[in-house]
Amino acid sequence: MLLRSAPRRLHLLRPHHLRLLSAAALASAAPAPVPPQAPTEWAEAPLATVRPATADASLYHVSLDLSAHGDLLASHAAAGQFLPFRLPAAPYPIFLAIASPPPSPGSSSAAFDFLVKRLPGTPSARLCDLRPGDLVRVGASVVGRGFEVARIADARDVLVFATGSGISPIRSLIESGFVENNKTGLSLFYGVRNLQRMAYQERFNDWEAKGVKIVPVLSRPDCQWTGERGYVQNVFSRMKNIVNPSSVGAILCGHKQMTEEITRVLVADGLSKDRILTNF
């Protein structure tokens, strides 16, 4: 069910939740900036799920059955890593951020989940047009370093900023146990155009139960929306209250303008760039 308005616990952070700077925004799950080199080895695996992830079908849930590819599953070691896809007739591979958490010891999961932005005429749209059971070629191992969370291991508060499909690797981070394992507070500023374009709404209650404070931000909401309006960077600038930047970490993922503006705000308020994480 889509949210019709933001519950007060979602769209208003208490002052003590924002007393420290601590999260930035993650890199997008739409086709990402291409790493320096494409894979030299490829594997073939069937799609397990292909279905709309938002009411307007601008984003799709795609999952890949990797039950026959144990080494590929095991190569996913950090939230924020990518898997390359080579689709028929596509002139170049696309790199999608993995939305599911890295496998834990004893895990029975044998799939990677993705949140794919369906851009007409692009390889990502071709992927969304496939069906469960169709075979796709993917890299024989994941790529990228992911979010280097060790750099903010001492953070008491983490601020996460995501826009659009950039929420995909954030899901991986949250569901990997980052909040519980690090005993840190995490505030998520998640910006989209409207609720029809907001993915993972069905997961919000579970994320909040893990200790995540969610601030949904809509740039073009309908008249019934009572939550935050505008852009993530503007909402954060109004709400922030920095006390001790040395105990804050940030994670950024999404539109370039958002990540650049948030970075400027954080640095101006005393946060070291080394404590601002991206996954590329």
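All figures in this text were calculated on a predicted structure; none of them were measured in a lab. Here, residue 1 is the first one in the sequence, and each next residue gets the next number.
- Remark: side-chain polar atoms of Arg126 are paired, donor with acceptor, to backbone N or O of Ala89 under 3.5 angstrom.
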Let's go through Arg193 and Ser58 carefully: what are the C-alpha distance in whole Å and the side-chain angles of both, what is the deciding distance for side chain to side chain contact (heavy atoms under 4.5 Å, CB included) to 0.1 Å, and is it a yes or a no? CA-CA 11 Å; Arg193 178 176 295 183; Ser58 61; over 6 Å; no
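- You'll find the ring centres of Tyr200 and Tyr190 outside the 6.0 Å limit.
- Residues Leu96 and Leu127 have side chains in contact (heavy-atom distance under 4.5 Å, counting atoms from C-beta outward).
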List the atom pairs, with distances to 0.1 Å, where a side-chain N or O of residues 63-74 and a protein N or O form a donor-acceptor pair under 3.5 Å, not counting sequence neighbours.
residue	atom	partner	partner atom	Å
Ser63	OG	Thr49	N	3.0
Ser63	OG	Thr49	OG1	3.0
Asp65	OD1	Ser67	N	3.0
Asp65	OD1	Ser67	OG	2.9
His69	NE2	Glu44	O	2.8

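- Within a 6.0 Å sphere centred on CZ of Arg220, other residues, nucleotides and ligands contribute 12 heavy atoms or fewer.
- Contact annotation: the side chain of Trp225 approaches that of Pro216 to within less than 4.5 Å [non-hydrogen atoms, C-beta and beyond].
- Across every non-hydrogen atom of Ser176 and Asn181, the tightest pair is O-ND2, 3.8 Å.
- Taking the side chain to side chain donor-acceptor pair (under 3.5 Å) definition, one finds that Arg137 meets it with nothing, sequence neighbours left out.
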Take Val267 and Ile276, measure what side chain to side chain contact (heavy atoms under 4.5 Å, CB included) needs, and give me the verdict at the end. CA-CA 9 Å; Val267 171; Ile276 301 174; 4.0 Å; yes
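- A donor-acceptor contact shorter than 3.5 Å links the side chain of Thr163 to the backbone of His255.
- Here the closest heavy-atom approach between residue Gln233 and residue Ile262 is recorded as CA-CD1, 3.6 Å.
- Asn194 is not listed as a side-chain neighbour of Pro221, based on a closest heavy-atom distance of 4.5 Å or more.
- Here the side chains of Ser172 and Ile98 are not in contact, with every heavy-atom distance at 4.5 Å or above.
- When all heavy atoms of Trp42 and Pro93 are compared, the pair lying nearest together is CH2-CB, 3.9 Å.
- The shortest distance between side-chain heavy atoms of Arg275 and Asp154 falls below 4.5 Å.
- Two different hydrophobic clusters hold Tyr231 and Leu188 under the rule that ILVMFWY side chains link at heavy-atom gaps under 4.5 Å.
- The minimum heavy-atom distance linking Asp56 with Arg197 is given by the pair OD2-CG, 2.8 Å.
- Taking 4.5 Å as the limit, some side-chain heavy atom of Val149 sits within range of a side-chain heavy atom of Leu173.
- Contact of the Pro103 side chain with the His76 side chain is registered, since non-hydrogen atoms from C-beta on lie closer than 4.5 Å.
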Begin from the C-alpha positions of Val143 and Leu83 and carry the test side chain to side chain contact (heavy atoms under 4.5 Å, CB included) through to its verdict. CA-CA 6 Å; Val143 298; Leu83 185 67; over 6 Å; no
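- For the pair Ser247 (side chain) and Ala155 (backbone), a donor-acceptor distance under 3.5 Å is absent.
- Without hydrogens or angle criteria, Asp206 side chain to Ala209 main chain gives no donor-acceptor distance under 3.5 Å.
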Trace of the side chain to side chain contact (heavy atoms under 4.5 Å, CB included) decision for Val160 with Leu186: CA-CA 7 Å; Val160 176; Leu186 190 151; 3.9 Å; yes
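- The environment of CD in Gln257 is sparse: at most 12 heavy-atom neighbours from other residues, nucleotides or ligands sit within 6.0 Å.
- Here the side chain of Arg145 pairs no donor or acceptor atom with the backbone of Gln81 at under 3.5 angstrom.
- Using cut-offs of 30° and 60° for the angle between ring planes, the Trp207 and Phe204 rings count as tilted.
- Between Phe95 and Phe82, the shortest heavy-atom contact is O-CD2, 3.8 Å.
- Residues Tyr92 and Val116 fall within the same hydrophobic cluster, defined by Ile, Leu, Val, Met, Phe, Trp and Tyr side chains chained together at heavy-atom separations under 4.5 Å.
- Here the closest non-hydrogen pair linking Lys210 and Val179 is O-CG1, 3.2 Å.
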